[in-house]
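Down below is the structure, laid out as C-alpha cells.
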Amino acid sequence: MSMNLFQTLLNRRRFLQASAAAGAAGAAATGLTGLAPVSEARAQTVRGETKVTKNICAQCPARCGIDVYTTDGKVHGIYGDTGNPIANGKLCPKGHLGSYFLYDPDRFKGPMRRTNPNKGRHEDPGFVPISWDEAFDTIAARLNDLRAKGESHRFAHFYGRGWGASDAGLYGDFGKLYGTPNSAIGHASMCAEGSKKAKHATDGNNSYNAHDLRKTNYMLIMGASFLEAFRPYNNMMQMWGEMRSKSPRTQVTCVDVRMNPTMAAADRALYIKPATDGAFALALAHVILTEGLWDRDFVGDFFNLNQRFQAGQRIRPGSFNEKWVHGLTEWWNEEVKDRTPEWAETITGIPARHIRQTAIEFGSTRPAIAIFERGPTGHTNGTYNGMAIHALNALVGSMFTEGGLFYQMGTPYGALPANADDFMDDYAKNGAWKSQPRIDMARTELWPMTAHMMQEAGPNHLKGDPYKMDTAMFFYTNPLWTAPDPKVWEEALKDVFVIDTSPFPGETAMYADLVLPESTYLERLQDSPTYPFEGWPMSALRVPAVDPIYDTKHFGDMLIEIGKRINGPTGDYYRIIDNVENVLRHRASGFAANPGDNGVTDFESWKEKGVWYRKPYHWRFIRGDFYEWDGQRYGILMTEDDVKAKLLKTPSGKFEFKSGYLEQYAEYINKELGIPTERVGLVQWVEPKHSGGNRDLYFVTPKTPMHAEGRGANIPHAAAIHQPVAGGRGTVYLEVNPNTARQRGIRNGDRVRVTSDLGSIEAECRFVASHRPDTIVLPFEFGHWAQGRWAKDRGPGHSGEITANVSDPVSGLASYYTGKVTLEKA
Ligand SMILES: Nc1nc2c(c(=O)[nH]1)N[C@H]1C(S)=C(S)[C@@H](COP(=O)(O)OP(=O)(O)OC[C@H]3O[C@@H](n4cnc5c(=O)[nH]c(N)nc54)[C@H](O)[C@@H]3O)O[C@H]1N2
Ligand SMILES: Nc1nc2c(c(=O)[nH]1)N[C@H]1C(S)=C(S)[C@@H](COP(=O)(O)OP(=O)(O)OC[C@H]3O[C@@H](n4cnc5c(=O)[nH]c(N)nc54)[C@H](O)[C@@H]3O)O[C@H]1N2
Ligand code: SF4
Ligand SMILES: [Mo]
C-alpha cells in the first residue's frame, strides 16, 4: 500500500469518526434520529476558532497597526486595524503579505554555528544546529574574555530597524554596563539622517517632523517620495486623498529628478538638476522676502513698515525686528539678496518663471509646508540643501501652527525594575574602553557632528584603524548588502566573529559564525512608539499571533540572556530585567497615570487594543505667540525660555537662519566643505561634489511601493509586481529617457551596463520618456546574492556595488544619490 493511499484512508476514517460523533450530537440536540447528511455533519464538526491579535506591520517604518487572523494556529489574513490611527483599517499593498515572512520556507529554524572557517559569496557556511544555551554561553565566554583583557570595546552591536523599548531601547544600558562605545551603531547614516540634521541646525530638533496634513493648504514636496515611501507611507496615501478632496484643495508642487507617482499627481511637477535643491529653495526665500509674503507673526517686520527687501540691496543691521527668528538680516545681506530666480535657473535648470510662481503661491497660501527627504539630502551638500528648504517653513510661519509642522511627543513609559547606573562596576565606570573611539569614528574628530556612521565601520575594521573588531552582533541590518560599496564589508567581516539575528538567510547571515534567528514580527511581543506622525504620543504593540513556529526568540530576550551571563553586577542587572514581557509590563505601567484615548491603561488593555495614544498635541503657535495645552485648550502662554526649552531648541531659542549649532563646528565644516568659517552658520548654497568624476549620468535608486527596505526581496508576490510604472515584473528595469538611450545605440529592452568608478552592473533598459535625460533610475530592491530562494541572483545587478562610499560631512548621511555613471549596451 502506498503511503499516500494509506494517508487518504486514515483521513477518511478520522472524518467518518468525526462526522458520526457530530451527527450523534446533532441528533441529540434536535431530537432527530439517523445520520445527518454529510454536508450538515461537516458544518457541525468542531473546529478551531478564529483568533484576532493586534500587531504592527514590520515592512517599513510606517508601523501600521494590523489585525492578524489566525485559525487553528495558522495565520491566514492581515488587515489594517480600524482602531489604529495610522492604518485606519487600511494597508499599503505590502501589509497584507506579512504571513509570507512567517511562512518563508527559507527561514532559519533554530540557532546554528558555522563549521566552514572560510567566508565568501561562494562559501557554504556549513551551519550546524546548536542549543540556545550553547549559543549564549559561546557569546558570553567571548565577551567575558574581552572584558578581562580590557578589550571590551572590540565588541560591537549593529542595528537597522529598531522598534522600541524592548529591543534597540536596551542597547544603551548594555554598552554602559558591559563597557563598549559600540553599543550600538545604528543605520541612521545609511538612511535619512540629512533631514534630521537640517532641522537640528535650524530649529534645534534633531528629528523628522510630524505634520498636520489635514489642514495644510499648500505642499511643496522636494525629493520626498510622498506617494511611494514618505513616512508613514500608508497614512500619507490616506492624507493625499483628504488633502486633494477637501475644500480648499491642498495645492501641490513636486520637485524631483525623475517622474514618479507624486510628480504625476501634483499640480506642478518641476524637474531639478540633482543636488541643487538648496539653490531652488533660496530663490523661493528671495521671492517671498522681496514680494513681502513672509509671516509677520513669526518672522517679524521692519521697524519702518515702509521698508522693503530689494534684490541685490543690503538692509541696514538693526532695521528689522526679528521675532521668532535669528539671523535674518545677515542671511539676507550675505546670501539671499542675490539668490534671484534667474540665478537659481542657472544652477537648477528650472525656469525662473516657475520658481517665481511657486514662491508666490507658497508664500501667499496659509498654511503651507515644505517637506523633503533623501532626494535633496543624499548628496555631499545635503544638510545645507535641507536647511534652505526648511527655512521656507519658518518664513511662512508654519512651525507649530495648525496645518503646519510639529515634533513628535514621546510616550510616557514607566521605569524599568532596575536602574543600570546602580550596577556599574569599576571597569564599567573607568575601564580602558572609556578612552576608545567607536569603530565607526562617529562623534570623533573625523565625524564630530554625527551619532552613527555605520558605513565607515566595515572599512575602518579592514584598515585596523582605530582598531580591529573581535565580535559583531547584527540586528535587523544587512550592511553586506545595503551599505554603499558593500564589497568592502565582504572583505572586512572575514576575520570578525559575526553573530546575526535575522530570521532569514541574508548576506550578513552568510558571514555569520553564529546564527541566532529572531522570531518574525507575527510571533513576537514588542512595543513600537510611533515614528513622527501627527505629534501627539502613540505607542503600538505587537502581540504574537502564534507561538514561534520554529526554535526562535525575540532579539530583546537574546540580549537579556547574554547580559545574564556577563560576569559581575551586569549579570545581576539582567536577572532583574529578566525578559521582554517584564520590560513591557514595566513600560506599560506609565499608562495608568496617562490613560489612552482608547481606554488603554495597562499592559492587558494595551495587548487588547494594540495601541496606546493620547491626543492632542501639546503646543501651538497662534498669531505671534506660543501656547501650551492646559488640559482643555491651548491656554498657557509660553515664555521665551519655555519655547527654547521645549520647541525651538537652538542656542538662540529662535529659528536660526544663521545656525549657532553649525558655528560650533566652524573649523571642521570649513575643512570639509571649504566654507569660510564666518559663513558656516548661514543657510546657503553649497556646491555638491559628485562622485564618478567626468561620467555623464546621474544615478538614483529610489524606493518603490513594493519595496520593503532590504527585506522584501524573497516575497514572490511583491517581486511579481515590483515596478508597476515601468512594467518591472519579477525584476526591476533600469529606467532611461529614450533620447539618452538612443544616443548610445540602446533600444527599449536591451541589456545595458552601468559603470561607476567602483565597477559595473548589468540591467535591462526600459524607456521612460518622462525622466530627466541626464538621470537614470534603478529602484532599489534586487541584486541579492543571498536572502532566500526567490531573492538570490534575481537581476539586475546590485546598485550598491556601484555606489561610492561618500557622505555629507555634516549629517554623515551616505550620499546614495550623488554618484555619476556611464551607460552602454552590454
Ligand atoms: N514603500 C516603502 N516606503 C518606505 C521604505 C520602504 O522600504 N518602502 N523605507 C523607509 C525608509 S527606511 C526611508 S529612509 C524613507 C525614504 O523616503 P524618501 O526619501 O521619500 O524616499 P526615496 O525613494 O529615497 O527618495 C526620495 C526621492 O528623491 C528623489 N531624488 C533623488 N535625488 C534628488 C535630488 O537631488 N533632488 C530632488 N528634489 N529629488 C531627488 C528620488 O527620485 C525620489 O523620488 O522611506 C521609508 N518608506
Ligand atoms: N543603493 C541603495 N542602498 C540603500 C538605499 C538606497 O536607496 N539605495 N537605501 C538605504 C536606506 S534608506 C536604508 S534604511 C538602508 C536599510 O538597510 P539595512 O539597515 O541593512 O536594513 P534592511 O535592508 O531592511 O535589512 C534588514 C536585515 O534584517 C533582516 N530581518 C528581516 N526581518 C527581521 C526580523 O524580524 N528580525 C531581525 N532581527 N532581522 C530581520 C533581513 O533579513 C535583512 O538581512 O538601506 C540603505 N541602502
Ligand atoms: S505602509 Fe505598508 S509596509 Fe509600511 S507598515 Fe504600513 S502596511 Fe506595512
Ligand atoms: Mo531608510
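Each ligand, and each atom within it, is numbered from 1 in the order the structure gives. What's counted below: heavy atoms across the whole structure, side chains too, no hydrogens, waters or symmetry copies.
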### Task
Test the R231-Y208 pair against the cation-pi criterion, namely NZ or CZ under 6.0 angstrom from the six-membered ring centroid and within 45° of the ring axis.
yes
#### Entry: Nearest-option assignment for atom 4 (C) of ligand 1, heavy atoms, candidates A708, G378, C254, A229
A229
### Task
Look at atom 14 (S) of ligand 1 and find which of E228, R231, E373, E781 reaches it with the closest heavy atom.
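Residue with the shortest heavy-atom distance to the ligand atom: R231.
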### Query
So how far is it from Y171 OH to D167 CG, rounded to the nearest 0.5 Å?
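That separation rounds to 7.5 Å.
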### Message
Just verifying a value: how many Å separate E507 CD and W489 CH2, rounded to the nearest 0.5 Å?
### Response
13.5 Å
### Query
Would R794 and E781 pass as an ion pair if we require N to O under 4.0 Å?
no
### Query
Hey, is R161 close enough to E709 for a salt bridge, meaning N to O under 4.0 Å?
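Result for this pair is yes, salt bridge flagged.
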### Message
Strictly by side chain to side chain donor-acceptor pair (under 3.5 Å), give each pair with a member in residues 87-98 just once, sequence neighbours left out.
### Response
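Sorted pair list: N88-Q238.
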### Task
List for me each residue that meets side-chain hydrogen bond (donor to acceptor under 3.5 Å, both in side chains) alongside R695, sequence neighbours excluded, and say none if there are none.
D757, T822
## Note on the structure
By side-chain hydrogen bond (donor to acceptor under 3.5 Å, both in side chains), T276 pairs with (sequence neighbours left out) none
### Query
Short list, please: which atoms of ligand 1 are under 4.0 Å from a heavy atom of V255?
38 (N)
### Task
Could you tell me whether some N/O pair between T276 and ligand 1 is separated by less than 3.5 angstrom?
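By distance alone, the answer is no.
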### Message
Suppose the cut-off is 2.8 Å; which protein N/O/S atoms would you list for atom 2 (Fe) of ligand 3?
### Response
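Near atom 2 (Fe) of ligand 3, the protein supplies C92 SG.
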